[in-house]
Amino acid sequence: MPTPPLPLPLAIRSLATLSVAACLLLLTAPVRADAPLIVLDRTQLPFDLGPGHPANNPARPANSPHAAGNSAGNTANSPQAWENRPTNPANEKRLIITGDGGVLGYYATNAVGVLNLFDVNGRRIAYRPARGTRSLFTTGGAWCGTVDGRGGAIVLAVTQSCARLFSR
């Protein structure tokens with residue numbers, strides 16, 4: 001009888017689980033640029049994806065909600081900008097969806113590359129700075145999750161508290 005495979009370390013198993021879940025969601029997602037949202041346990045993330053990594057630290061100046069590119073005062077991040085409005089037909093092709101197909105909101109990237117996440121009413125929930133990190137931050141600056149954008153498809157893996165912000 002063959003010997004069973006050795007168990008993977010917890011972090012690798014968690015990343016593998018996240019990857020499998022993301023792939024399954026992508027396979028069931030509509031054929032558009034919709035972004036599946038997965039709730040994660042940040043304690044199970046590999047170091048390079050979590051808030052402890054220097055590039056992902058909320059205290060890093062480039063990640064701050066007060067940095068020019070990330071700021072709510074920047075008109076490119078405003079819900080009033082046409083590119084960010086829920087009534088913009090382009091945003092119907094950039095929905096943030098749950099595993100069962102529910103719509104939580106939409107995403108829009110501004111001209112400098114900041115990825116903004118909005119709820120269905122157009123309220124800005126979170127952002128990913130243009131450079132240096134794959135992490136998401138709430139508009140208050142708290143670490144919120146991570147973005148996987150390989151192959152042009154986007155998967156959002158966020159904390160439970162961040163996911164709750166979409167339904168306030």
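Here the structure is a predicted model, which is why all the values come from computation and not from measurement. Positions are given from 1, in the same order as the sequence printed here.
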Participant: Quick one: does N74's side chain have a donor or acceptor within less than 3.5 Å of a partner on A68's backbone?
Facilitator: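 Yes; judged by distance alone, with no hydrogens or angles, the pair exists.
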Participant: For N56, check side-chain hydrogen bond (donor to acceptor under 3.5 Å, both in side chains) against everything at least two apart and list the hits.
Facilitator: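 Applying side-chain hydrogen bond (donor to acceptor under 3.5 Å, both in side chains) to N56 gives T133, S135.
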Participant: Could you check whether N110 and N77, counting side-chain N and O atoms only, form a donor-acceptor pair closer than 3.5 Å?
Facilitator: yes
Participant: Decide yes or no for L117 and L136: does some side-chain heavy atom of the first lie under 4.5 Å from some side-chain heavy atom of the second?
Facilitator: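 SC-SC contact between L117 and L136 confirmed.
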Participant: Under the side-chain hydrogen bond (donor to acceptor under 3.5 Å, both in side chains) test, which residues partner T43, sequence neighbours left out?
Facilitator: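 Once residues adjacent in sequence are excluded, the partners of T43 under the side-chain hydrogen bond (donor to acceptor under 3.5 Å, both in side chains) criterion are D41.
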Participant: Is there a chain of hydrophobic side chains (I, L, V, M, F, W, Y, each step under 4.5 Å between heavy atoms) that links F137 to V112?
Facilitator: yes
Participant: Run the side-chain contact (heavy atoms from CB on, under 4.5 Å) test against A108 and tell me which residues pass, sequence neighbours left out.
Facilitator: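 A108 satisfies side-chain contact (heavy atoms from CB on, under 4.5 Å) with N84, N91, R94, F118 once adjacent residues are dropped.
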Participant: Going by the rule side-chain hydrogen bond (donor to acceptor under 3.5 Å, both in side chains), which residues pair with T159 if we only count those two or more places apart in sequence or in a different chain?
Facilitator: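 In terms of side-chain hydrogen bond (donor to acceptor under 3.5 Å, both in side chains), with neighbours along the sequence ignored, T159 is linked to S161.
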Participant: Starting at NZ of K93, measure out to OH of Y106 and round the result to the nearest 0.5 Å.
Facilitator: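 The OH atom of Y106 is 14.5 Å from NZ of K93, to the nearest 0.5 Å.
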Participant: Strictly by disulfide (SG to SG under 2.5 Å), give each pair with a member in residues 84-147 just once, sequence neighbours left out.
Facilitator: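 Residue pairs with at least one partner in residues 84-147: C144-C162.
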Participant: Evaluate N116 against Y107 for side chain to side chain contact (heavy atoms under 4.5 Å, CB included), listing each step before the verdict.
Facilitator: CA-CA 6 Å; N116 288 298; Y107 65 93; over 6 Å; no
Participant: Mind checking what makes side-chain contact (heavy atoms from CB on, under 4.5 Å) contact with L104, not counting sequence neighbours?
Facilitator: L37, I96, T98, F166
Participant: Can you name the nearest heavy-atom pair linking Y127 to S64, along with the distance?
Facilitator: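 Y127 and S64 have their closest heavy atoms at OH-C, 3.3 Å.
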Participant: Show, in sequence, the C-alpha distance, side-chain angles and deciding distance for I125 and T139, and conclude whether the side chain to side chain contact (heavy atoms under 4.5 Å, CB included) test is met.
Facilitator: CA-CA 6 Å; I125 300 296; T139 55; 5.9 Å; no
Participant: Decide yes or no for P65 and N70: does some side-chain heavy atom of the first lie under 4.5 Å from some side-chain heavy atom of the second?
Facilitator: no
Participant: Could you walk me through whether V147 and I154 satisfy the side chain to side chain contact (heavy atoms under 4.5 Å, CB included) test, starting with their C-alpha distance in whole Å, then the side-chain angles of each, then the deciding distance to 0.1 Å, before giving a yes or no?
Facilitator: CA-CA 7 Å; V147 177; I154 293 177; 3.9 Å; yes
Participant: Over all heavy atoms of both residues, which pair between D34 and P36 is shortest? Give the atoms and the distance, please.
Facilitator: O-CD, 3.6 Å
Participant: Search all heavy atoms of P58 against all heavy atoms of P51 and return the closest pair with its distance.
Facilitator: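 In this case the closest contact between P58 and P51 is CD-O, 4.3 Å.
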Participant: Give the minimum heavy-atom separation between W82 and P89, together with the two atoms involved.
Facilitator: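 Closest approach of W82 to P89: CZ2-CD, 3.7 Å.
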Participant: Could I get the full list of side-chain hydrogen bond (donor to acceptor under 3.5 Å, both in side chains) partners for N63, not counting sequence neighbours?
Facilitator: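 Partners of N63 by the side-chain hydrogen bond (donor to acceptor under 3.5 Å, both in side chains) criterion, ordered by chain and then number, come out as R60.
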Participant: Going by the rule side-chain contact (heavy atoms from CB on, under 4.5 Å), which residues pair with S167 if we only count those two or more places apart in sequence or in a different chain?
Facilitator: none
Participant: Minimum heavy-atom separation for G132 and A55, please, with both atom names.
Facilitator: O-CB, 3.3 Å
Participant: Sequence neighbours left out, what pairs pass salt bridge (charged side-chain N to carboxylate O under 4.0 Å, His left out) with at least one residue falling in residues 102-122?
Facilitator: D119-R123
Participant: Sort and list the pairs that fulfil salt bridge (charged side-chain N to carboxylate O under 4.0 Å, His left out) and have at least one residue in residues 125-141, not counting sequence neighbours.
Facilitator: none
Participant: Sort and list the pairs that fulfil disulfide (SG to SG under 2.5 Å) and have at least one residue in residues 71-103, not counting sequence neighbours.
Facilitator: none
Participant: Suppose the criterion is ring pair (Phe, Tyr, Trp, His ring centres under 6.0 Å): which pairs have a residue in residues 48-81, not counting sequence neighbours?
Facilitator: F47-H53
Participant: So which heavy atom on A67 is nearest to which on P61, and how close?
Facilitator: CB-O, 3.6 Å
Participant: Quick one: do I38 and V155 satisfy side chain to side chain contact (heavy atoms under 4.5 Å, CB included)? Show the steps, please.
Facilitator: CA-CA 8 Å; I38 300 168; V155 177; 3.6 Å; yes
